[in-house]
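Below is one structure, written out as structure tokens; the observations come after it.
A quick note: this is a predicted structure, and the numbers were derived from the prediction, not measured. All residue numbers refer to positions in the sequence shown, counting from 1.
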Amino acid sequence: MARRHRPGAFLVRFLRDQQDCVHWYLYLRPTGEAFVVASPLDLADAPEWDEPGVPVDWFGAIARCASSFEEFAFRFWVENRLWCALHGYGEESMDDELTGYLAHYERG
């Protein structure tokens with residue numbers, strides 16, 4: 001699904017969680033800039049207009065969550081590994097990469 005939001009910009013949904021609580025989109029600007037946003041809304045089915053002639057402002061329901069798709073993919077992968085390690089799921093254990101990732105957030 002690609003949805004045009006601002007002139008020349010598009011939202012492309014690439015991931016949603018199993019319960020449809022969060023949808024992740026690649027926000028593509030005409031300048032070539034792209035970053036990842038998240039929303040609790042499925043913007044593919046969201047109306048574009050509140051009432052005739054009044055466009056819906058969905059930016060209140062969208063949060064920027066990564067500066068690039070690569071950053072999002074890395075964090076998604078690491079945070080899923082962390083969840084598995086912390087909950088004793090599978091063979092995952094706390095290695096230096098996971099410990100370092102957590103330490104970054106402890107320093108805040």
Task: Heavy-atom neighbours of Q19 CD exceed 12 at 6.0 Å - done: yes
Task: Charged tip of R81 within 45° of W83 ring normal and under 6.0 Å - done: no
TODO: Taking atom types as modelled, find out whether Y101 and E79 have a side-chain donor-acceptor pair closer than 3.5 angstrom.
DONE: yes
Open item on the list: In the structure I gave you, are the side-chain heavy atoms of E70 and F72 within less than 4.5 Å of one another anywhere?
Closed with: no
Task: Nearest non-hydrogen partners of E71 and A66, listed with the distance - done: OE2-CA, 3.7 Å
Task: F14, CZ: over 12 other non-hydrogen atoms inside 6.0 angstrom - done: yes
Open item on the list: Looking at every heavy atom in both C65 and V37, which two are closest together, and how far apart are they?
Closed with: SG-C, 4.1 Å
- [ ] Please say whether more than 12 non-hydrogen atoms of neighbouring residues, nucleotides or ligands are located less than 6.0 Å from CG in D95.
- [x] yes
Open item on the list: The test is side chain to side chain contact (heavy atoms under 4.5 Å, CB included); show your working for D20 and D42 and say whether it passes.
Closed with: CA-CA 8 Å; D20 279 342; D42 179 356; 5.8 Å; no
Open item on the list: Looking at E33 and R64, is there a salt bridge between them, counting it only when a charged N and a carboxylate O are closer than 4.0 Å?
Closed with: yes
Open item on the list: Tell me the closest heavy-atom pair linking S39 and A61, and the distance in Å.
Closed with: OG-O, 2.7 Å
Open item on the list: With heavy-atom distances below 4.5 Å as the criterion, would you say the side chains of D17 and H23 are in contact?
Closed with: no
- [ ] Taking the side chain as every heavy atom from C-beta outward, state whether L26 and R13 have any pair of such atoms under 4.5 Å apart.
- [x] no
